[in-house]
Every structure is written in structure tokens, then in C-alpha cells.
Amino acid sequence: MQNAVKELDAEIIVVDNHSSDGSMGYLQPLFPSVRFIVNEQNLGFAKANNQALAVCGGEYVLFLNPDTLVPEDCLQKSLAFIERSAAGAIGTRMLDGRGRFLPESKRSFPTPLVSFYKLSGLASLFPTSGIFNKYALGHLGEFQNHRVEVLAGAFMLVKRELLNRLNGFDENYFLYGEDIDLSFRMQQAGFANFYFAGTGIIHFKGESSGKKSLNRVKFFYRAMLVFVQNHYRTGSGKLFSAFLKLAIALRGSVSACKRILKPVLWPLADGMIIWVSLLAIKTTWINTVRNGKDFGVPFISYALPAFSLLFILCAAFTGLYDRKNKTSKTLLSVAFGTLGMLAVYALLPETIRFSRGVILWGGILGGMLIFLLRQFLITDKEEEGQTVIVATKNEYAAINELLERSLSDQQILGRISPGDHDENTVCEWKDLLTLQKNIAVNKIIFCIGTVPLSEAMKQMQLLGKKNIRFLFHVSGSGSIVGSHTLAPGAAIVTPLIDYRIEHPYQKRMKRVVDLSVSLFLLITIPVHLFIHPRTGRLARNIFHVLAGNRTWVGYASTSTLLPAIKAGAISQTVQNLNKNLLEKTDKRYAKNYDWWDDLVIIFKNYRRL
């Protein structure tokens, strides 16, 4: 945004609506010229914008979402257009994080009939229809200027005089609808709204509100209801209000059911698979191995569903439902589930046992079916491909330094040159499309500097139909940003690192490793009396770890910036390195943590335990 106002007499005001990610502490020192308003609670979109409106000056006011990128020439072009037109306010062409046009860039009012077409799904079926998709004005061209009814709050440039007359946004709207209401009141006051196609912005849609949440649905339909009640009070408006209330109730119920059922759908399906597999193996076992003779254990009709539940609990504990698309975790979880069933079976009294073979082969069959089901049904797997950086030599060096500080796992193929060349150059800027055809590129990082954002946006639209994730680095920002909704993995790369050791699955498994290793060492302590150099120290560590006072593998450094874990009996590296190297190895250990690594470290450093 600072690049967009560089040639203008402008001020930037950021309102923080009680964020909890530490962004204010990170951003304020980076941008001392920006005015920050920090709220102690989330006041909603309308109130927060009115806070900024009350303290800002200037002839024009731009309302802008935080999840946007603005090209360098966007505001100059927009101001020139609003000054020469009859507009009281303008919006612009918006692209999402994949380079696709966002239809809400231009909209009409949600009249009863227009809303019916949208809510019924007819607008989606006929996206270019001027009748069924009138809400998104699907019949109007993306690259043509139009007079429209509704402007998007994500980018709304308004004359200050008009805002003063209307007292800004209606604060009865918390999230959604406030832009529709303001657009309506601006036209009632005799001013026109225009969609300006001569420039555009990137809007990482949904990042400021979260997608597919029950609250999002509730806020959206409540906003529509408030708008209708305010502006359609007679005749069809009353009928429309009743219709909207019914829609809110129905959509809210559907969303609630989805949120309740979604977490248990996979466990239910897997449980049924294991149950059916156990039944199938039991029947086969009786017919082939026992020559048709039943086991004669009445308990078996209750045991099979109980063992199925046990399998699911064991598999869930080892992370099967934390990330369903990871093959190694699926195989580990089904193996652990089968072992869990066998372990419990072994503890049963002899009088109620029926067949260890049924449990073993039922678990194997069910595990294979669970694995195959995920291979066929789950499509959100990490794409295979390369990452390229569009940058000059200096920008390329800076972004690699940022990735190094962030301990990023990006596999960089090289850079796309905007003019200069070196050993890292993959191709020229003009050959980016050709490169994508010849090499599997799934991520492009644009360094916004020598290459302007407006040019990057043109390339995005040309590549928009490809399965490419676009990321952006603006010089001086200390970050790489992109949409959370495009692909697995972090969308923001900053020195604020996402540490895997904090993930619930890894926390559970670290404790499992600690307990398992401690119990194994305790059981085999007579052996260690002969082969371990310091058996007393080993025994003390065993009891400290069992009690939860220590972990087997801890940090080597004393850094307070890392996620807190128990003090380690040993560290994952030798302690005679310098302080910086110790902190760096600890950061990498915490960021890339996997419980299996602890087992390897313990095995390799047995004599230090």
C-alpha cells in the first residue's frame, strides 16, 4: 500500500480488531509512518472503518480490506477516474489469490427476486445471465467500466463529502452487508456508483473472516435481513423478510449439522469398514479353518463392534484424523489400530477369547480398505512441482535470506529474470508462460519491486486456469504472503515460524515416545547395568520422564523464543556449538519436529541418556 500512495498526499490508517496472532507487535515497528488503531475487542467491520473515518483527513477516503494487495498505479488511476466521472464512489476489478476474477467486484441490490435467484442456486447455474445472475451482474464485461448499484467494501473509494453527509457505515452491521447498505444510501443521496476496470487489486477472499464457519453464514444472512428490514419495509419486503428468516434458519441448521457431523464422518466410515472386515474374516475363518464350526462364544457379537471402536481410538491417537491425506500417517495409524486390538485381545480371559487370527486378519483387511478409500476419495494432496521466484539478483538474495530465517521448506528451482542474468536464472520474464508448459511449476513467488504488481496480476490472469499458487514479497515487508485457501501449508512466511512441535498430534506422540522408551528402559534395566556408562543417571531420567518432569529429547539452547517443552535428558545436537548455531538447530528441530526423529536421536545417543 505504501508504494501505491508514494506519489500522493495520503495517510494510511490500520484498525486492528483485537487480533490474537501477534501481528501488531510485528507490524508496528516495520511501518512507523502508518497510524495504528488497536481495539481491545472485535467491534466489527462497520465500526472499525468508522473509527478510521473519524480521524482521517483528505478529500477522498479508500476503505480497503487487510487481505488485499494494491498495485503501484491503482490509486492514481482510480482518483483520475472518480474526478472526471459523475461518481460519488467507485470500486475496481478484484482478483483472488489464483488470478481469477471475483464476481462480487460489481453487484446489484439484493431485491427479493435477485436474492431468490442467488439463494436458489440459479445464479450459479447461469453465471453470465443478466436475469438469473443479476446480483453479480454476470452479463457485464470484466474489463469495461460500468455504473453499478453495489460496491465491495474490500475496495471502496468514496468522496469525503458524501461520507460526512451519510455518517459513514451503518454500525448495525457487524460483518457483511455494510457495503451494500452504504451503496444504497449513496444512490439515495443522488450519487452514482461506478465499477472501474482500468486497474485492479488482489483480494485473498475470506482471509479476514474465515471460510465456511457457522458464524460466517450467520453474519451473512443476518446482514441481508437487516438490509431488507431497513430498505424494503412494505409489500414484498415483508414477505422477503420472512423468506430470509426461513433461509437463515435452514442454512444455519445445515451448517451446524455439517460442523457437528464432519469431524465424525471419517471415524464412522472407518469403524464400519473394520466391523464389516472383522465379520467377513470371522465368517471365512469358521467356514474354512473350522469347517463350519462356530466359536461358541456369545461374547463375540459384542466384541467385534467393541474392537472396531478400539481400532478407531488407537488410530485417532496416532493422528489418522489430523491429516487424512498423508500416506505414511494412514499406514502407521492402521498398524497401530491393529496392534491395539491384538494387545487388548491378549488380555481377555481365556473363556471369552475366540480367535487371534480373526482380529489380526480383520485388522489387516480393514486397514487396507481404509488406506484405499483415502487414495480414491481424498484429493487435497500436496501438489508436486517446483517453485520459481520472479526477482532481480538482489531481490532473489533477499527472499532466500527470508526463507532461510523462516526455515522454509520451499524447493526453489531458480528465478525468473526481469532483465538481469546470473547462474540462478531459469528464464526471462516474458518466457514465464513457456516455462510453465515445460516444467511442473506449482508455486510462483513475485518480488514486487522491479516487477510491478500490475504486471504480476496480468501474468496471474494468464496463468489463472493452471493449478498454480501465487505468493508475493514486497520489498521491506519482511514477509511472503498468499491465500490460505489455495494449497496445504502456511500462506504467510515471516520470522514468526509455524512450529510443528506445537501441533496437537506431535505433542501427543512426543509423550507416547517418552513413556514407551521409559517403560522399555525400565523393564530392561538389568541389561543397562552392564552396558550403560552411567546407570544411575539413566535411572533418574527414566523416573523423571515417567513423572512428566522431563522429556527424553529437549533443546540444546536456552532460547525463550521457542515453544515451551520440558527440559531434555539429552538434546538433538552436541552442546559445544556456538549460541547462534544451537538456536538455529533448535528452531529447525521444533519447526520440522516428528516423533520418529526422537526415537532416532535416542537410539544414536543411548550412552548420553
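Just so it is clear, the values below take in all heavy atoms, side chains as well, and ignore hydrogens, waters and symmetry mates. What you see is a predicted model, and the numbers here were worked out from it, not measured in a lab.
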Heavy atoms of other groups near Asn394 CG, more than 12 under 6.0 Å: no

side-chain contact (heavy atoms from CB on, under 4.5 Å) involving Asn145 - partner list, sequence neighbours excluded: Phe81, Phe196, Ala197

Heavy-atom check, side chain of Glu455 versus side chain of Phe446, under 4.5 Å: no

Under the side-chain contact (heavy atoms from CB on, under 4.5 Å) test, residues paired with Ala154 that sit two or more places apart: Asn65, Met94, His203

Any Arg160 side-chain heavy atom under 4.5 Å of Leu53 side chain: yes

Beyond-backbone contact of Pro418 with Val390, side-chain heavy atoms, under 4.5 angstrom: no

Below 3.5 Å, can you tabulate the donor-acceptor pairs from side chains in residues 123-131 to any protein atom, sequence neighbours excluded?
residue	atom	partner	partner atom	Å
Ser129	OG	Ile131	N	3.1
Ser129	OG	Phe132	N	3.0

Straight-line distance of Ser417 OG to Ile389 CD1, nearest 0.5 Å: 13.0 Å

Ring pair (Phe, Tyr, Trp, His ring centres under 6.0 Å) partners of Phe63, counting only residues at least two apart: Phe169

Reported CG-to-CZ distance for the pair Asn133 and Arg107, which is rounded to 0.5 angstrom: 12.0 Å

Check against side chain to side chain contact (heavy atoms under 4.5 Å, CB included), Asn164 and Glu161: CA-CA 5 Å; Asn164 289 340; Glu161 164 204 355; 5.7 Å; no

Value rounded to 0.5 Å, distance of NZ in Lys106 from CD in Gln144: 9.5 Å

Ring centre gap for Phe184 and Phe109 strictly below 6.0 Å: yes

By side-chain hydrogen bond (donor to acceptor under 3.5 Å, both in side chains) - contacts of Gln2 (at least two apart): Ser33

Test item: Gln187 side-chain N/O and Glu149 main-chain N/O as donor-acceptor pair under 3.5 Å: yes

Nearest non-hydrogen partners of Ala456 and Ile448, listed with the distance: CB-CD1, 4.2 Å

Closest contact, heavy atoms only, Lys134 versus Ser108: O-OG, 2.8 Å

Nearest non-hydrogen partners of Ile468 and Arg98, listed with the distance: O-CG, 4.1 Å

Ile399 to His473 - nearest heavy-atom pair and separation: CD1-CB, 3.8 Å

Side-chain donor/acceptor of Glu142 to backbone N/O of Phe101, under 3.5 Å: no

Stepwise side-chain hydrogen bond (donor to acceptor under 3.5 Å, both in side chains) test for Gln51 and Asn39: CA-CA 10 Å; Gln51 280 183 295; Asn39 291 326; 2.8 Å; yes

Tyr195 OH to His146 NE2 distance, which is reported to the nearest 0.5 Å: 7.0 Å

Phe143 and Arg93, any side-chain heavy atoms less than 4.5 Å apart: yes

Side chains of residues 71-80: which donor-acceptor pairs under 3.5 Å do they make with residues two or more places apart or in other chains?
residue	atom	partner	partner atom	Å
Glu72	OE1	Leu453	N	3.1
Glu72	OE2	Leu453	N	3.0
Asp73	OD2	Lys77	NZ	3.1
Ser78	OG	Cys74	O	2.8

Non-hydrogen side-chain atoms of Cys56 and Arg35 separated by less than 4.5 Å: no

Glu104 side chain to Ala152 backbone, donor-acceptor under 3.5 Å: no

N/O donor-acceptor pair under 3.5 Å between Arg469 side chain and Ile445 backbone: no

Minimum side-chain heavy-atom gap Gln459-Val451 below 4.5 Å: no

Intermediate values then yes/no, side chain to side chain contact (heavy atoms under 4.5 Å, CB included), Phe31 and Met1: CA-CA 11 Å; Phe31 302 101; Met1 187 61 187; over 6 Å; no

Full working for side chain to side chain contact (heavy atoms under 4.5 Å, CB included) between Leu373 and Gln375: CA-CA 5 Å; Leu373 184 68; Gln375 296 301 304; over 6 Å; no

Step-by-step side chain to side chain contact (heavy atoms under 4.5 Å, CB included) determination, Leu471 to Thr387: CA-CA 10 Å; Leu471 302 168; Thr387 298; over 6 Å; no

Side chains of Asp179 and Tyr173 in contact at under 4.5 Å (non-hydrogen atoms): no

Close side-chain approach of Ile416 and Ile444, heavy atoms under 4.5 Å: no

Minimum heavy-atom distance between Ile90 and Ile82, given as atom pair plus value: CG2-CG1, 4.1 Å

Spatial distance of atom CZ (Phe191) from atom CG (Leu166) [nearest 0.5 Å]: 8.0 Å

Separation of Ser105 OG from Ile201 CD1 (nearest 0.5 Å): 7.5 Å

Donor-acceptor contact below 3.5 Å, side chain Asn49 vs main chain Phe45: yes

Ala52 versus Val15, closest heavy-atom pair with distance: CB-CG2, 3.9 Å

